[in-house]
Amino acid sequence: MKNPSELFRRRGKNKALKSVPPINKINTKLVASLFLVAILSIVYTWAFIGLFETGKSGDSGITGTLIPDTFLYRYYFENPDYSTLLGPGIKNSIAPALLWKILDGNWYLASIFNVGMLFFSVVFINKIGNHIGIPISNKLLFFLVLLPETFIYTVGVLKEIPTLFLFSALSFYFLKKRWFPFFFCLVLLALFRYQFFMVIALFLVGHVFFQKRNIRFLVLIFVILSSLYPLLAQLETGLSVQEGILYKVDKPGTGVGALIQSVQTEWYGLSTLATMVKIFQILVPWPFPRFPEGSDVDVLTLVWSISSLMLIPVWIKYFRFLFYALRYPNSIKQDEGIILSVSFVFIMMIGLSGFIQHRYLYPALGLILLVAYIPIASRLKGASIPNLPNPVNSRET
C-alpha cells in the first residue's frame, strides 16, 4: 500500500502541472493564424505588385485593391519635401512616410512589419485581459487576427496596425503605472495621428478627477461637444460639410450621409442626434452592406462590409457594458473603467470628426473587444435585486 503522504504529494504535483499554461495547441494555432496572414499578405502583394508600383489601386475587373493612403505616404518617401510634409494642408503623414523610409520602400517588408506589429498587439491585448481578469477566449484573438480588414491593413504602409499596437501598449503601461513607456507610446501615437494626444489628454483629465465615474464625465463631454458641433465646425474647417463630402468615396449613395452631416454642422442640439447617427453609420454597413456589383470586384468595399457584419455582435456587447457602467459605475473595477473610458473617448473622436470612415475605429478594436467580453451577468443580477433583510434574522420563531 502506497504512503498516503506520497499520494497527496503526487496529486498536488499533477494538479500544479495541469494549471501551468505551456505552449499548447491554442497558442500554436494563434501563431499559425498570424503566419497564414503573413503568407496571404505577401502573396496578395506579389499578385498586384505591378499595380502598386505604378501607384494605382485597381485594374479592369478588380478595383480597390489597396487603401489609397499608402500611395500618398510612399510619395512623401520618394519625394522627401519636408516643407510640404509639415505644411498645414498635410497632416498625420510623418510616421507612415518614415516607415516607408525605414523599409526602403519594399512592399514585402511592409507586410512582414505589419504582421509583426499585429503579433505584439495580440500580446498586449492578452496582457491587458490577464491584468484585468477578463476571461479572454482564444477565439477572441483569432477573431482579431483573421478579421478581413486586418488582412487588408497588412498590405503597404498604413496607420491602422501600428496604431493598434501602440494604443494597446499604451493602455497596458497605464494600467501598470509604467509612465516612461506610456508617454513614449503617446509620442509615437501623436506622430501617426496628432488627435490621439487630445484623446488621451481628455481621458487623463476625467481619470484624475472622476476615477470610476470617468465614463459618465466623458459621455457628458460628448453630449456637450456634439450639441455645440456647429460652433466647432466654424472653428475647425476639418469638421465642415465640405471636408466630409470631399473625403467620401466617389460612388453614388443614398444621400443620407450628406443630410446627417448637414444637420450636424448647422443645427445646435439636433447635432447630438446627428452625431450618434453618424457613429452608427461608422459601426455598421448602413443602410445596407455594399457588395460588388456587376463584373467588377471592389476589394475594399467587400472587406469592410464583411468585417462590419462580423463586428455587429461585438458592438452590441460593448454598448451593453457601456450602459451598465453608466448606470452602476461603482460596480465595475477601476481597471475595467479605464479600458472602457479609453475606448469610448476614442469613439468620441471618430464621431466628432468630419469623416465617416469605418477603418478609423480599428486602432481601438483590441480594447473594444476586451470591453465587449467583460462578464456582467452576475453583476446585472446583483444590481437588480434590492437589499433584503438577512433571512436568518427575519425568520419567524
Side-chain angles (χ1 to χ4, degrees), residues 34 69-70 73 76-77 80 82 85-86 90-104 109-110 112-132 141 144 150 153-154 156-209 211 214 218 334-350 359-371:
L34 287 162
D69 285 358
T70 193
Y73 307 144
Y76 290 129
F77 152 69
Y82 298 104
L85 186 61
L86 298 174
I90 305 297
K91 300 177 181 178
N92 298 321
S93 300
I94 298 175
L98 181 60
L99 275 179
W100 269 126
K101 177 71 173 178
I102 295 172
L103 299 171
D104 196 29
L109 288 179
I112 296 173
F113 170 82
N114 286 323
V115 174
M117 289 292 96
L118 180 61
F119 168 76
F120 288 110
S121 300
V122 170
V123 169
F124 276 105
I125 292 167
N126 188 60
K127 285 177 176 287
I128 293 171
N130 291 334
H131 175 81
I132 297 178
L141 301 178
L144 176 62
T150 295
Y153 298 148
T154 64
V157 171
L158 294 163
K159 301 174 185 177
E160 278 68 31
I161 291 182
T163 51
L164 170 70
F165 162 70
L166 290 171
F167 210 70
S168 303
L170 174 144
S171 302
F172 174 74
Y173 290 131
F174 184 85
L175 291 171
K176 287 293 189 178
K177 297 180 172 57
R178 296 173 60 181
W179 304 121
F180 178 78
F182 167 80
F183 284 108
F184 181 70
C185 290
L186 181 58
V187 171
L188 292 180
L189 272 174
L191 290 177
F192 277 96
R193 195 179 297 280
Y194 70 90
Q195 293 94 335
F196 281 126
F197 185 84
M198 294 180 285
V199 166
I200 299 302
L202 180 59
F203 158 75
L204 290 175
V205 170
H207 178 74
V208 170
F209 290 100
Q211 294 293 319
N214 189 11
L218 293 174
Q334 182 172 335
D335 289 344
E336 292 173 345
I338 288 173
I339 297 303
L340 174 63
S341 298
V342 174
S343 62
F344 178 78
V345 78
F346 188 92
I347 296 172
M348 278 179 57
M349 180 191 77
I350 306 304
R359 69 187 179 98
Y360 279 3
L361 285 168
Y362 188 82
L365 186 56
L367 301 185
I368 290 166
L369 285 169
L370 288 175
V371 171

Side-chain contact, heavy-atom cut-off 4.5 Å: [X] with [Y]?
X      : Y      : value
Leu367 : Phe167 : yes
Tyr360 : Met349 : no
Ile132 : Leu370 : no
Trp100 : Tyr76  : no
Leu189 : Phe197 : no

Taking Val122's backbone N and O only, do any of them form a donor-acceptor pair with Asn126's side chain (distance below 3.5 Å, no angle check)? no

Please find the pair of heavy atoms, one from [X] and one from [Y], that lie closest to each other, and give the distance.
X      : Y      : answer
Tyr73  : Val157 : CD1-O, 3.4 Å
Leu170 : Cys185 : CB-CB, 3.9 Å
Asn114 : Thr154 : ND2-O, 2.9 Å

Pairing residues for [X] by the side chain to side chain contact (heavy atoms under 4.5 Å, CB included) criterion, not counting sequence neighbours:
X      : answer
Val123 : Phe119, Lys127
Ser121 : Leu164, Phe165
Leu191 : Ala95, Leu188

My understanding is that only residues two or more places apart in sequence, or in another chain, count here; which of them pass side chain to side chain donor-acceptor pair (under 3.5 Å) with Tyr362? Thr150

Sequence neighbours excluded, which residues qualify as side chain to side chain donor-acceptor pair (under 3.5 Å) partners of Asn130? none

Which residues satisfy the ring pair (Phe, Tyr, Trp, His ring centres under 6.0 Å) test with Tyr173, sequence neighbours excluded? Phe124

Using the test ring pair (Phe, Tyr, Trp, His ring centres under 6.0 Å), find all partners of Phe174 that sit at least two apart in sequence or belong to another chain. Trp179, Phe182, Phe203, His207

Can you list every salt bridge (Lys or Arg N to Asp or Glu O under 4.0 Å) pair that touches residues 160-183, not counting sequence neighbours? Glu160-Arg359

From [atom1] ([X]) to [atom2] ([Y]), nearest 0.5 Å:
X      : Y      : atom1 : atom2 : result
Leu103 : Phe113 : CG    : CZ    : 6.5 Å
Leu99  : Ile94  : CG    : CD1   : 12.5 Å
Asp335 : Leu175 : CG    : CG    : 5.0 Å
Ile125 : Leu118 : CD1   : CG    : 8.0 Å
Asp104 : Leu109 : CG    : CG    : 8.0 Å
Leu166 : Lys159 : CG    : NZ    : 13.0 Å

Summary of side-chain hydrogen bond (donor to acceptor under 3.5 Å, both in side chains) pairs that have at least one residue in residues 182-193, sequence neighbours excluded: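 Sorted pair list comes back empty.
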
Do any side-chain atoms of residues 337-346 form donor-acceptor pairs under 3.5 angstrom with protein atoms, and if so which ones, sequence neighbours left out?
from, atom 1, to, atom 2, distance (Å)
Ser341, OG, Gly337, O, 2.8
Ser343, OG, Tyr318, OH, 2.8
Ser343, OG, Ile339, O, 3.1
Ser343, OG, Leu340, O, 2.8

